[in-house]
Amino acid sequence: SKLNWQEHRQYAQAIFANMTIVPRYLIEAESLRKATALVGDTDLKDVSYVALAIQTDTVLVTRDKPIVEAARRRGFRRILLFEEFLEGYA
């Protein structure tokens, strides 16, 4: 990074200040079941992220194109590629 230590620290604080860590055990079984049906055959490690988006009724923003394509193929619309997210602010 070309940021000096102080700039890097401020950047990191800005990113992590709005982040919430959710343990997997707080994700409901029904949300996990739905997410597994959507993307489980594409990438099991991403099931928790999709399940959390389902459970919280939020939009998942990701750079993982295969997950987005798999979820959309199965009718899930609350998922965006990062580039699509940025287009909303251009």
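Predicted model, so just to flag it, every value in this text is computed and none were measured.
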Practice problem: For Glu30, check salt bridge (Lys or Arg N to Asp or Glu O under 4.0 Å) against everything at least two apart and list the hits. | Solution: Arg33

Self-check item: Pairwise distance CD1(Ile27) to CG(Leu32) - rounded to 0.5 angstrom
Solution: 5.5 Å

Quiz item: Listed by chain and number, what are the side-chain contact (heavy atoms from CB on, under 4.5 Å) partners of Ile15, not counting sequence neighbours?
Solution: Tyr11, Met19

Quiz prompt | 4.5 Å side-chain heavy-atom contact, Val47 and Val39 | solution = yes

Self-check item: Cluster check Phe76, Leu81: I/L/V/M/F/W/Y, side chain < 4.5 angstrom
Solution: yes

Practice problem: Find the distance between NE2 (His8) and CD (Gln13) and round it off to the nearest 0.5 Å. | Solution: 10.5 Å

Quiz item: Hey, any chance Phe16 and Trp5 share a hydrophobic cluster, counting ILVMFWY side chains that come within less than 4.5 Å of each other, even indirectly?
Solution: no

Quiz item: To the nearest 0.5 Å, what is the distance between OG1 (Thr42) and CG (Asp64)?
Solution: 8.5 Å

Practice problem: Output the distance between atom CD1 (Ile79) and atom CG (Leu60), rounded to the nearest 0.5 Å. | Solution: 4.5 Å

Practice problem: Give every residue pair that meets the side chain to side chain donor-acceptor pair (under 3.5 Å) criterion with at least one member in residues 66-75, sequence neighbours excluded. | Solution: Asp41-Arg74, Arg72-Glu84

What pairs of donor and acceptor atoms, side-chain ones from residues 48-57 against any protein atom, are under 3.5 angstrom apart with sequence neighbours left out?
{"unit_1": "Ser48", "atom_1": "OG", "unit_2": "Arg24", "atom_2": "NE", "d": "2.8"}
{"unit_1": "Gln55", "atom_1": "OE1", "unit_2": "Glu28", "atom_2": "N", "d": "2.6"}
{"unit_1": "Gln55", "atom_1": "NE2", "unit_2": "Leu26", "atom_2": "O", "d": "3.2"}
{"unit_1": "Thr56", "atom_1": "OG1", "unit_2": "Leu52", "atom_2": "O", "d": "2.7"}
{"unit_1": "Thr56", "atom_1": "OG1", "unit_2": "Thr58", "atom_2": "OG1", "d": "2.9"}
{"unit_1": "Asp57", "atom_1": "OD1", "unit_2": "Arg78", "atom_2": "NE", "d": "3.3"}

Quiz prompt | Non-neighbouring partners of Gln6 that pass side chain to side chain donor-acceptor pair (under 3.5 Å), sequence neighbours left out | solution = none

Quiz item: Residues two or more places apart in sequence or in another chain: which of them pass ring pair (Phe, Tyr, Trp, His ring centres under 6.0 Å) with Phe82?
Solution: none

Quiz prompt | Sequence-distant partners of Arg77, salt bridge (Lys or Arg N to Asp or Glu O under 4.0 Å), two or more places apart | solution = none

